[in-house]
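All remarks here apply to the structure that follows.
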Amino acid sequence: MTQIDNRLPEQQSKASAKTPRLRFAPSPTGFQHIGGFRTALFSWLYVRHCAGQFILRIEDTDTARTVEGAVDDLIAGMNWLGMDIDEGPIIGGPYGPYYQTQRKALYQQYANQLIESGHAYRCYCTPQRLEEMRKEQEARSMPPRYDRRCRFLTAQERADNEARSTPWVVRFAMPLEGETVVHDELHGDMVFKNIDIDDTVILKSNGLAPYHLAHLVDDHFMGITHVLRGEEWISSAPRHVQIYKALGWELPLFYHVPNILGTDKKKLSKRRGAPAWSDFQREGYLPEAVLNFLALLGWSYDDKTELFTREDLIRVFTLERVGISAGIYDPDKLLWMNGVYIRRLPIDELTRRTLPYLERSQAEGGLPDSVQRPLDYEYTLRVLQLEQERLKTLGEAAQKDAFFYVDTLTYDTALLIQKGMNAASTQYGLQSALDLLTTIQPWEHAAMEPPMRTLASTLGLKTGQLFGSIRTAVSGSTATPPLFQMMEVLGRERSMTRIEQAIERLAQIDH
RNA sequence: GCCUCGUUCGUCUAGUGGUCAAGGACGCCGCCCUUUCAAGGCGGAGGCCACGGGUUCGAAUCCCGUACGAGGUACCA
């Protein structure tokens, strides 16, 4: 119940005698959101921390919900985050196959064994009967539960059903009395009354096993030592320990990790708009930042450290420091962290990694389609040098820096006119700046700034007023990198042309 | 409804009976820097540690109850 008395030393040492083998076992029913990846990350980090093995297994026994492409997307996501897999689909491994639909026979074998040992039984109830029963129980505000009718069928009734070849499923016969203790390494002992637990289906009429049997058989034969899964599994855990017991198998160590909630405080779900890994990729989050962020959702190292490289994480990650209470995913903090990672990138790498975001089509979030691709690497590097500390995502660069690439600027002429100025004085200021700029040699920010400052005071303007007008003229924007550095990158010709165009604009509103 | 888990600043968290009149981070606010925007520096607001009872010389930390939240209650995972 508490965190203090939750680790039985004997059990811990029993497990550590074997090399840790942990798995991530998602169902391919859609696109994995970050909550799933976070749980996978904990397993992966632990495995890499103690030189174990990380297995990916696809729990595709619900064929009706299986979504085409989900496995590829999942693997791509793990790849993106840098979680390498030791055994799994595609790469294979000694304990395959790694798709549950391909392990059907195994589940049937153990379902039968459980029937023979008296721990399970065939249930001939029709879905309609179950449905009616459920409705009635609900109407009487009773807990909806299978009434175990088929558990107590006479030999004759069984024979009749078989003779009529009534379709059947296999149900696990939960003990009718007593308690089941689920020992969890994080939560301690959790006690359940057996009578509260349903006789769950362990083999469906189509011959496939649902989660409750399938994952357990697989974990056993794949030699899984630690089971990390979401806390939503706690309520079915007593069922699992009973099945392990009935099969005579040793239990793995359980770690029910906290869920990640959305800002609505509900479990993250795709339906409710939880982001997929590909959303982060598309917006230009760095996988190493996302990885760092995810690691901190339900795990902590100490009271202050929170920036970790992948290697750091592997080195310091331990399961003992995984928390137990659900947490809300905070997009603002991720955004901040992504900015930190962007700022730390060597400029070459930043350029290389940002280029694809800039070059993709405008519809996909890239630069305006009028801009010629491919982009010039050196030019983009100089642009990004100025933008680096201002970027929170790589994807933002296209919006913020379009003016560096585009031929004609679109902006509201009023933005040229600074506080305390009017069209005429702005026009005069720009013209004076233009005249001065013509003489600047070489075209470098250090050569521009001192004379331009002098010009401002000569004109009786604050630097902010003069520079603000030029800034808008040259970029079409009021928030940009430092003016003269920006003009240096933009080049003399383009900078001066834009100032001329601004003057023309002002001349027009003048009358 | 029933069962289970959880509950420390808005959010992520540190905290394993005294060093906690609760520390860090994001966000927010202010100041500094400053040609704008950032970044950076400094400072601030924000928590009766869900509530109520115990245990103890001493409790955010242990126990009990309550409230609230979440999860489960499928031939889904």
Side-chain angles (χ1 to χ4, degrees), chain A residues 1-5 25-29 59-62 64-65 123 125 127 130-131 134 137-138 140-146 167-171 182 184 187 190-193 196-198 200-206 208-212 214-215 229-238 256 258-259 261 263 265-267 293 296-307 321 323-337 339 343 387-392 400 418 449 452-453 456 462-468 470-472 475 477-484:
Chain A
M1 219 78 64
T2 68
Q3 263 185 287
I4 317 287
D5 55 346
S27 59
T29 52
E59 310 225 318
D60 56 350
T61 56
D62 187 358
R65 291 203 312 156
C123 170
C125 293
L130 297 175
E131 185 50 35
R134 219 175 344 253
Q137 286 164 335
E138 263 165 44
R140 288 191 293 160
S141 64
M142 300 279 288
R145 198 131 56 202
Y146 177 57
W168 47 266
V169 300
V170 177
R171 285 182 186 273
V182 175
D184 181 286
H187 295 265
M190 303 183 283
V191 185
F192 297 76
K193 286 199 249 337
D196 289 330
I197 296 158
D198 215 350
T200 195
V201 173
I202 57 171
L203 200 69
K204 301 192 258 191
S205 52
N206 68 3
L208 277 164
Y211 177 84
H212 301 297
H215 91 277
R229 57 186 2 174
E231 62 181 333
E232 68 270 24
W233 293 108
I234 289 176
S235 35
S236 41
H256 289 96
N259 280 140
L261 275 26
T263 25
K265 299 198 175 207
K266 294 263 192 287
K267 195 174 98 169
F293 178 78
L296 258 17
L297 240 38
W299 173 86
S300 63
Y301 174 65
D302 61 14
D303 60 340
K304 22 192 77 93
T305 322
E306 50 184 5
L307 261 14
R321 294 199 59 86
I324 50 171
S325 53
I328 294 169
Y329 148 69
D330 178 10
D332 280 343
K333 185 149 184 177
L334 205 213
L335 196 60
W336 163 78
M337 193 172 276
R343 270 172 254 134
E387 200 62 65
Q388 183 161 27
E389 71 185 28
R390 276 157 261 265
L391 285 179
K392 290 258 192 324
K400 302 183 77 141
Q418 304 299 301
E449 185 166 342
M452 290 296 276
R453 283 188 181 279
K462 287 186 196 157
T463 48
Q465 291 177 302
L466 212 219
F467 296 179
I470 304 175
R471 180 190 317 286
T472 302
S475 70
S477 166
T478 54
T480 74
L483 178 60
F484 302 112

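Throughout, protein chains are lettered first and strands after them, A, B, ... in sequence-line order, and every chain is numbered starting at 1. Computed from a prediction, not measured in an experiment: that's the story for all the values here.
Among the protein residues, A/Pro238 comes within range of no part of the nucleic acid, since none of its heavy atoms lies under 4.0 Å from any strand. Using a 4.0 Å heavy-atom distance criterion, A/Gly339 is classed as making no nucleic acid contact. If you check every strand for non-hydrogen atoms under 4.0 Å, A/Arg229 touches nothing. Contact annotation for A/Gly468: no contact, since no heavy-atom pair falls under 4.0 Å across all strands. As judged by a 4.0 angstrom heavy-atom cut-off over every strand, A/Leu483 is placed among the base-contacting residues. Residue A/Thr480 is in base contact, counting any heavy-atom pair closer than 4.0 Å across all strands shown. Contact annotation for A/Phe192: backbone-only contact, meaning every heavy-atom pair under 4.0 Å involves sugar-phosphate atoms and none involves a base. Using a 4.0 Å heavy-atom distance criterion, A/Thr478 is classed as a base contact. Within 4.0 Å of A/Leu297, counting heavy atoms only, lie sugar-phosphate atoms of the nucleic acid but no base atom.
Across all strands shown, B/C51 is found opposite B/G65 as a Watson-Crick or G-U wobble partner, with both distances under 3.5 Å. Summarising the base pairing, B/A14 is matched to no nucleotide, lacking a Watson-Crick or G-U wobble pair whose two defining distances lie under 3.5 Å. Base-pair partner of B/A21: not found among the strands shown (Watson-Crick or G-U wobble, both distances under 3.5 Å). Across all strands shown, B/U36 forms no Watson-Crick or G-U wobble pair with both key distances under 3.5 Å. Across all strands shown, B/C2 forms a Watson-Crick or G-U wobble pair with B/G72, both key distances being under 3.5 Å. Nucleotide B/A77: unpaired (no Watson-Crick or G-U wobble partner with both distances less than 3.5 Å).
Between the CD1 atom of A/Ile328 and the C1' atom of B/C26 there is a distance of 14 Å, given to the nearest Å. If you take CE of A/Met337 and P of B/G27, they are 11 Å apart, rounded to a whole angstrom. For the pair A/Leu466 CG and B/U36 P, the interatomic distance rounds to 13 Å; values are reported in whole Å. For A/His256 and B/C5, the NE2 to P distance is 12 Å, given to the nearest whole Å. One atom, NZ of A/Lys462, and another, P of B/U35, lie 12 Å apart when rounded to the nearest Å. In this entry the distance linking CZ of A/Arg321 with P of B/A14 reads 6 Å, nearest Å. Spacing between atom CG of A/Leu307 and atom C1' of B/C26 amounts to 12 Å, rounded to whole angstrom units. Taking atom NE2 on A/His212 and atom C1' on B/A77, their separation rounds to 8 Å, with Å as the unit.
Taking only side-chain atoms of A/Ile324, from C-beta outward, the nucleotide of B/U11, B/U35, B/G6 with the closest atom is B/G6. With distances taken from any side-chain atom of A/Ser300 to the nucleotides B/C26, B/U13, B/C37, the minimum falls on B/U13.
When the C1' atom is used for both B/G46 and B/U11, the distance is 12 Å, rounded to whole Å. Of the P atoms belonging to B/U66 and B/C2, the separation is 12 Å, rounded to the nearest Å. The same atom, C1', is picked in B/C49 and in B/C9; the two are 10 Å apart, to the nearest Å. Distance check on atom C1': B/G23 versus B/A14 gives 7 Å, rounded to whole Å. For the P atom pair drawn from B/A59 and B/A50, the interatomic distance equals 15 Å after rounding to whole Å. Between B/C33 and B/A70, the distance separating the two P atoms is 48 Å to the nearest Å. Distance noted for atom P between B/A45 and B/G30: 15 Å (whole Å). Atom P of B/C68 sits at a distance of 32 Å from the matching atom of B/A21, rounded to the whole Å.
Counting heavy atoms from C-beta outward, A/Arg453 and A/Phe467 have side chains that approach closer than 4.5 Å. With a 4.5 Å cut-off on side-chain heavy atoms, A/Lys462 and A/Gln418 do not count as touching. Contact check for A/Pro331 versus A/Tyr329: side-chain heavy atoms found under the 4.5 Å cut-off. In this structure, A/Ile324 and A/Pro258 have side chains that are not in contact, with every pair of non-hydrogen atoms separated by 4.5 Å or more.
Qualifying side chain to side chain contact (heavy atoms under 4.5 Å, CB included) partners for A/Asn259, counting only residues two or more places apart in sequence or in other chains: A/Glu231, A/Glu232, A/Leu261, A/Lys267.
Minimum interatomic distance between A/Glu306 and A/Trp336 (heavy atoms only, all atoms of both residues): OE2-CH2, 4.0 Å. Nearest heavy-atom pair across A/Met190 and A/Asp184 is CE-CB, 3.7 Å. Considering every non-hydrogen atom in both A/Glu387 and A/Lys400, the closest pair reads OE2-CE, 3.4 Å. Looking at every heavy atom in both residues, A/Thr61 comes nearest to A/Pro210 through OG1-CA, 4.3 Å.
Under a 4.0 Å N-O distance rule, the pair A/Asp330/A/Lys333 does not qualify as a salt bridge. Contact check on A/Arg134 versus A/Glu138 returns no salt bridge, with no Lys/Arg side-chain nitrogen under 4.0 Å from an Asp/Glu carboxylate oxygen.
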Report, as a single string ordered 5' to 3', how protein heavy atoms within less than 4.0 Å touch nucleotides 39-46 of chain B: B base, S sugar-phosphate only, - not at all. SS------

B/S/- along nucleotides 70-76 of chain B (protein heavy atoms under 4.0 Å) is SSSSSBB

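Between B/G6 and A/His187, a contact under 4.0 Å exists linking OP1 or OP2 to a side-chain N or O.
Checking side-chain atoms of A/Gln137 against main-chain N and O of A/Arg145 turns up a donor-acceptor pair under 3.5 Å. A/His187 places a side-chain N or O within donor-acceptor distance of the main-chain N or O of A/His256, the cut-off being under 3.5 Å.
Between A/Lys333 and A/Asp60, the residue anchored nearer the 5' end of RNA chain B, judged by the nucleotide with its closest heavy atom, is A/Lys333. Along RNA chain B, the nucleotide nearest A/Glu387 and the nucleotide nearest A/Pro258 are compared for position; the residue whose nucleotide lies closer to the 5' end is A/Pro258.
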